[in-house]
Amino acid sequence: MANCTDAACKFGFDFSSCKNDADGCKFGLQNDFQVMSMVSGFGPIISAGIFSATLSSALASLVSAPKVFQALCKDNIYPGLGMFAKGYGKNNEPLKGYILTFIIALAFILIAELNIIAPIISNFFLASYALINFSVFHASLANSPGWRPSFKYYNMWVSLAGAVLCCVVMFVINWWAALLTNVIVLGLFIYVSYKKPDVNWGSSTQALTYHQALTHTLHLSGVEDHVKNFRPQCLVMTGYPNSRPALLDLVYSFTKNVGLMICGHIRTGYRRPNFKDLANDQARYQRWLLKNETKAFYTPVFAEDMRQGAQYLLQAAGLGRLKPNMLVMGFKNDWRDGDMMNVETYISMIHDAFDFQFGAVILRLKEGLDVSHIQGQDELLSSQEKSGMKDVIVSIDTSKDSDADSSKPSSKATSLQNSPAPQKDEEDDGKAPTRPLLKKDKRSPTMPLNVSDQRLLAASQQFQQKQGKGTVDVWWLFDDGGLTLLIPYLLTNKKRWKDCKIRVFIGGKINRIDHDRRAMATLLSKFRIDFSDITVLGDINTKPKKEHVTAFEELVEPYRLKEDDMEQEAAERLKDSEPWRITDNELELYRAKTNRQVRLNELLQEHSSTANLIVMSMPLARKGAVSSALYMAWLEVLSKDLPPILLVRGNHQSVLTFYS
């Protein structure tokens with residue numbers, strides 16, 4: 001007290017230690033935890049309030065927290081917490097959650113230092129308040145009709161301000177506790193975002209995504225198309241999406257993250273359509289696409305016949321600028337076996353695509369495309385990959401159908417995995433008349449998978465694998481706007497195809513081969529398309545071998561009208577009833593074009609028999625002038641006995657530009 005000179009000294013207090021060592025000072029309101037009791041009118045009320053608030057928070061944490069934790073565990077979001085999802089008793093009480101909460105609370109109590117744990121607890125409470133405030137703001141921003149706050153003076157910006165203030169106060173209270181809290185919350189959020197749990201909470205994120213998609217789609221509709229922004233947007237006639245894996249995988253290879261892909265499915269029948277089943281199938285197969293990480297849309301339609309259904313899809317599929325501009329189909333392998341009117345419908349669909357200003361693309365594999373007649377193909381493919389087994393027992397649908405557009409009743413089938421079994425339908429999809437089967441049907445007889453179906457299954461998954469060092473051969477024979485060049489370019493930019501080189505084949509004259517090669521190389525460099533080789537076919541107009549011409553004549557012989565051997569009136573009646581028949585005049589008129597297709601197949605066999613993929617300009621037939629049987633015979637003889645071949649024909653809209 002000798003050195004004490006302050007006013008406090010007169011009352012017997014010495015605060016000099018607070019001047020020299022502020023951290024060790026025990027005096028002052030800052031160091032008095034009962035300061036509120038001191039300044040209040042009646043101190044015991046403060047103590048009673050503290051006890052009441054503590055009891056209220058404790059009861060809320062002990063009762064409501066386990067309930068919330070139980071709901072979290074039921075959603076199976078975080079691993080190892082499933083045991084806490086089980087409830088007990090009539091009210092489904094989370095007893096294990098109560099025990100866990102009690103243990104956590106007891107552990108913090110045993111620390112016996114409230115001032116140490118208080119900043120951490122306060123920060124977690126503030127974090128929850130911040131998230132609640134931001135969630136309210138986000139729900140208002142999404143403008144969802146389901147968000148209807150009842151508070152009269154509610155304002156979304158007040159909620160945002162509350163969220164920001166909570167975050168600020170967290171750092172004011174204790175910066176390291178705030179950092180710890182944010183790291184934990186961010187880690188949990190990143191894990192959930194990465195895992196993408198299969199639960200639907202009706203979140204505001206979902207509502208906002210819809211709002212933004214709608215806004216951008218409407219904005220895009222007001223912008224004119226430009227060649228620099230052209231994207232392949234494909235309407236793929238897959239039938240059920242898993243009926244033709246090769247067709248689905250190849251198209252997805254050049255549309256992934258680039259353009260739109262719609263899996264079209266035409267279902268025909270003479271009875272009243274069940275639109276509820278159609279809607280259920282739409283949701284079921286859309287989930288299948290998502291589960292298989294294929295960014296595409298599944299669009300089924302009911303129609304009286306295949307052509308009408310195709311016209312429905314060509315006109316109505318898509319939304320605004322997000323509409324298809326290419327029709328993609330599988331080659332009709334069984335065109336000689338079925339009803340020729342189906343060939344007439346198939347060729348009419350190609351003509352309709354051009355009438356609607358679509359490009360047309362046809363994929364042909366010599367093994368075929370349709371695997372829907374093989375039940376359990378998904379399990380079979382995975383088992384073959386794992387064990388390399390050669391003889392697999394699966395269920396076979398005896399009413400096998402190939403890549404056709406014929407109308408047949410569908411077989412009774414099992415449904416997709418994790419989906420309710422669909423009912424039997426009279427249907428036709430244009431590309432998959434039978435329902436694809438993912439599980440073995442115990443009612444069907446089992447038999448070994450024959451060699452043909454083994455090859456079909458192997459071919460159906462070839463585009464799912466990384467393509468080794470090889471070539472993509474581009475036979476650019478007609479200027480269709482550049483689509484025949486753009487598709488190979490997009491393919492070779494993908495990871496699976498990056499080791500493949502582009503080889504370009506063009507027609508020319510023998511005395512101008514070097515000139516044509518240089519001109520083509522200059523054009524491709526302007527288009528900024530890398531290529532490994534350019535071949536000018538000077539002998540493209542040479543007559544084909546006689547035996548190949550004879551084989552073509554034998555091919556079309558059953559479909560000729562042979563009007564010279566009958567009366568004119570009878571010939572006209574037959575032509576009206578069977579419009580696909582080939583007249584003698586037509587066969588002679590297009591003799592040169594027929595020979596060209598035969599000759600092109602000879603050149604393809606010579607130059608591209610080892611290619612990974614052939615992309616070729618598709619020949620056209622004048623609508624109403626060339627019969628469907630003759631045109632189908634051209635496509636048959638052009639593409640037979642070759643590696644996978646993609647016949648492409650644009651709508652003469654430019655899709656490539658010299659300028660970036």
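Predicted model, so just to flag it, every value in this text is computed and none were measured.
Between the side chains of Arg364 and Ser639, at least one donor-acceptor pair of N or O atoms lies under 3.5 Å. Side-chain contact of Ser627 with Glu586: a donor-acceptor pair under 3.5 Å is present, judged by distance alone. Side-chain contact of Ser372 with Asp370: a donor-acceptor pair under 3.5 Å is present, judged by distance alone. Under the 3.5 Å distance criterion, with hydrogens and angles disregarded, no donor-acceptor pair is assigned to the side chains of Arg231 and Asn325. No side-chain donor-acceptor contact under 3.5 Å links His265 and Tyr240. Residues Trp634 and Thr594 bring a donor and an acceptor atom of their side chains to less than 3.5 Å of each other. Of the N and O atoms on the side chains of Asp480 and Thr484, at least one donor lies less than 3.5 Å from an acceptor on the other residue.
The backbone N or O of Leu290 sits nowhere less than 3.5 Å from a side-chain atom of Trp288 that would complete a donor-acceptor pair.
Taking the side chain as every heavy atom from C-beta outward, Leu457 and Glu367 never approach each other to under 4.5 Å. The side-chain heavy atoms of Pro643 and Leu613, taken from C-beta on, include no pair separated by under 4.5 Å.
Comment: Lys509 does not engage Asp516 in a salt bridge, judged by the lack of any side-chain N to carboxylate O separation of less than 4.0 angstrom. Under 4.0 Å is where a charged nitrogen must lie from a carboxylate oxygen, and between Lys575 and Glu578 no such pair does.
Geometrically, Arg649 does not engage Phe354 in a cation-pi contact, judged by NZ or CZ lying under 6.0 Å from the ring centre and within 45° of the ring axis.
Atom NZ of Lys545 is surrounded by 12 or fewer heavy atoms from other residues, nucleotides or ligands within 6.0 Å.
Between Trp580 and Tyr631, a ring centre-to-centre spacing not shorter than 6.0 Å is recorded.
Residues Phe463 and Ala246 approach most closely at CD1-O, 3.4 Å, considering heavy atoms.
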